[in-house]
Amino acid sequence: MTSEASGRIDAPEYSPPATPILPPCDSTLLNEKGNMQVSPALRADLLDFKAWSEILTTYGRTMRVAVALTDSQGQLLGKCHNPQPVWQLVNNAVRGRGPGCPFCITTRLPCTAVADALQTGGVVMVRDQAGLTHVVVPLLLGKLRFGAIVAGQVFDRYPDSLVLRRVAKDFGVSEQQLWELAKEQRPVSSAVLQASGDLLCALGNAFLRQRYSAILEAKLAETNGRFRLLVEGVMDHALFTMDSTGCVTSWNGGAERLLGYVEAAIMGQNFSCIFTREDIQNRVPEKQLHKALIAGRADDEGWRVRGDRKQFWANVNITALEADPAISRSFAIIVQDVTERRKIATVLEEARQEREGLQEKLLSHVSHELRTPLTAIYIFTTNLLDGVYGDLTPHQHEPLTLALDNVKQLKSMVSDLLDITRVETHKLTVEPQHLSLARLIDEVLSTCLTNAAAKNVTLRSDVAPSLPFTWADPARVRQILINLIDNGIKFASRGGSVTVASPPYVENEGFLCLSVSDTGCGISSENREIVFDRLAQVRSTTEASRSGLGLGLFISRELVSLHGGRIWVESELGKGSIFYFTLPVFSLAKLCAHVLTAANLEAGCVTLIVVDVAQVEGAVQADILLEVRKVLESCIRPEQDVLLPSMSDAEPVKTFFIIACTDAKGFEVIASRVARELRKFDSSSKLKPAISSTTLLLAPGHFGEEQIGDVAARVDQLVQAHLLGKERLQ
Amino acid sequence: MTEKKILIIDDDQHLQLGLSARLRARGYRVSCAADAISAITVARKELPDLIILDLGLPAGDGFLVLERMRDLADLVAIPVIVLSARDPTDNKKRALDAGAVAFFQKPPDNHEFLGAIRHALGETMALSTFLKT
């Protein structure tokens, strides 16, 4: 499609495609991929002939050329403006112009300049069979081809009479008339045509872009209008906007209805007027605005106040209207009245609590009522077994022992029943204390001995002698161990064994691990998943009918997790199972953590008071310790001081309590009060424990994280020293 | 040495029967009361060395008995062990606060329970060994 040799007039003559002169398309018209999305309707709208008419007519008159708008296929859109006489004469004689260039006067195929111009993005110049020249200007938005402007129908040199004669013959027009008109038409040089084509290209494309923006704006305005109607129509939500200072900038009908302010009255007012007085005093509106500024969004549920001072429970959502919080200047607020929903939720919650309360009450009552006859049976059975009513024959002894075992089982089932209710009402609690496991495990094993002996199962303890102290509830740990050991005995084969051990545990430094292993039938992998679930009963071939309530492991899991530990089982079918559970290691530093803060240490107001209680005949009596504890509790300030329970397990050292106190002045007060109270206790009570006290004053100084660690370590050393009875730190 | 006297206050006749048999076998003299009012009357008449007290009683509960005892000079020093079917969670602390020396939930472990009785009667140690300057 390059230029033809001049003189040949049977085919359109092309000028070389000009360098594209279109400015780069405005980036706002593009989507993120650089493509523009234009619907056919928008395309038609952009090339609306009527809109272009004025600019094209003006151009044509000024430049004395004919101008026409075509689509991207070269089809004429609307009429040709300012048509030139020669062209007009010939064109009138053309019957049924086919597709292609509307300007070309040719008996053959018209030119493809529109396609070429759109392809190259530049102006293309063409001379037709009659020697008339036209330029074609592409209309482009980015890479999208919309159409073209064709301008010309002028001679770019003096008309050739031979050529015109042939045209007159070919198209059946009067040769003389054609020649007269041609002579009248002033030629325009191709250089001028080219220049005016470039001008038209700039002009046309600028107009196209302007038109595109105008259409978008109109659409946006229409959308806004529709959106406004929508917002106004929402009546069950209050929708309003405010600026960054919280002043209302728009107010919908729902806001008027729900919040009771008319738009005129509220515009420009601060949105804090819908908050309660307490919220305003507590600066809640400012805090919410701040949160929305920082996070782009703030959600809240709470009381809000209507214009008539009536309160309602509101669900409020504040959204920043700019994605970037740094430039956010405006917020949209949606308020919904959820008072009814809240009422229903409250009623449901009350009903749930009442049901739970009733359930607990019922089970507590049942448990209580079951215990009374159980106690009578227990007492009579043990009386018989212990020979209170005379000696028994071995034949009588055995069934009575079995009866006692059943009583014990019933007793633990009654306890489980109550515990399970507490789990459900979240009332199951543990009271952790400083605890040595070695002795507890020995006690538990001796308790389980009878059961084990009956099944000819050996009980073993393989607990490390250096097992650290733990921070746990002795009664609950005992319960967990008994559950696991009884379970082991139940499933161990006759002549087998159950072993309690303390395997090394490194996963969590603050915890130690105990294990209970048996030589039983083992648990299949699917059962291992559910063995800790409520009412899970792993079917055993031998004792399926005697597996209790199936609550033991469930309660054990709850108790272990209340201690912060975890419980799991490893098992191999036919070889036995190992149950593991972890308990927190006792750490004085951890317990005193809220006293041993950097601020307290820096202020020099950390004091530890150690209160010793002498042992009595190898064991400190629990009731004496309780009395001492009551005295100590009366001396401390619960919100500031920490009182640790007695640490009585390690033999043969003394039991002692530590009071960690956050106030150096308080130390004197507490120390003297403790001394006084204990003296009083000494003289009034018939229980007379021997008490001495030791104080440790931590040196004030500069404390950082590291130093706190040092102090904590020193506190632990102090405890160890006391427990081992080696020395007393001053 | 004279026999130690123990008063069982419990409205369950079977418990009275079984427990008193056990205690008599151990060489204690046992008397019983079945409600809060007669409990005080019997206690003042018998002046026992130890009282085993149930919490759920007719005509007032065990706490009322404990409270009354604190006000009566002849009863204030008598140690009381509470033996109740009630849940120890709250009742144990409440009972100890009210002056009981120990709390056992029914049914108690015989070994621990009889040990506590001996301890309360001062049979396991001489109180004087507590004294230390």
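Below, chains carry the letters A, B, ... as their sequence lines are ordered, and counting in each starts from 1. Worth knowing before you read on, the calculation uses all heavy atoms, side chains too, and leaves out hydrogens, waters and symmetry mates.
- Within 6.0 Å of the CD1 atom in B:I37, the count of heavy atoms belonging to other residues, nucleotides or ligands does not exceed 12.
- Expressed to the nearest 0.5 Å, how far NE2 of B:H111 lies from OG of A:S446 amounts to 8.5 Å.
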Verdict with reasoning, A:T382 to B:N110, per side-chain hydrogen bond (donor to acceptor under 3.5 Å, both in side chains): CA-CA 8 Å; A:T382 51; B:N110 260 345; 2.9 Å; yes
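- A 6.0 Å sphere centred on CG of A:D391 holds no more than 12 heavy atoms belonging to other residues, nucleotides or ligands.
- Residues of residues 48-68 of chain B lying under 4.5 angstrom from chain A, judged on non-hydrogen atoms, do not exist.
- Contact tally against chain A (heavy-atom pairs below 4.5 Å) for B:D87, B:D12, B:L83: the top residue is B:D87.
- What you find for B:P108 and A:T375 is that their closest heavy atoms are CD-CG2, 4.3 Å.
- Contact annotation for residues 14-22 of chain B against chain A (heavy-atom separation below 4.5 Å, listed by residue number): B:H14, B:L15, B:L17, B:G18, B:L19, B:A21, B:R22.
- Note that NE2 of A:H368 is 9.0 Å distant from CD of B:Q105, once rounded to the nearest 0.5 Å.
- Pairs engaging residues 369-381 of chain A under the salt bridge (charged side-chain N to carboxylate O under 4.0 Å, His left out) rule: none recorded [sequence neighbours left out].
- For the set A:D386, A:V407, A:T447, the count of heavy-atom pairs under 4.5 angstrom toward chain B peaks at A:D386.
- Other residues, nucleotides and ligands contribute more than 12 heavy atoms inside 6.0 Å of the CZ atom of A:R422.
- Considering only residues two or more places apart in sequence or on other chains, B:F104 meets the ring-ring contact (aromatic ring centres under 6.0 Å, His included) condition with B:F113.
- Around the NZ atom of B:K92, the shell of radius 6.0 Å holds no more than 12 heavy atoms that belong to other residues, nucleotides or ligands.
- In this structure, A:Q359 places its CD atom where more than 12 heavy-atom neighbours from other residues, nucleotides or ligands lie under 6.0 Å away.
- B:A25 touches chain A through its side chain: at least one heavy atom from C-beta onward sits under 4.5 Å away, while N, CA, C and O do not.
- The parts of A:T372 that come within reach of chain B are both its backbone and its side chain, each placing non-hydrogen atoms under 4.5 angstrom from that chain.
- Atom CD of A:E431 has 12 or fewer neighbouring heavy atoms from other residues, nucleotides or ligands inside a 6.0 Å radius.
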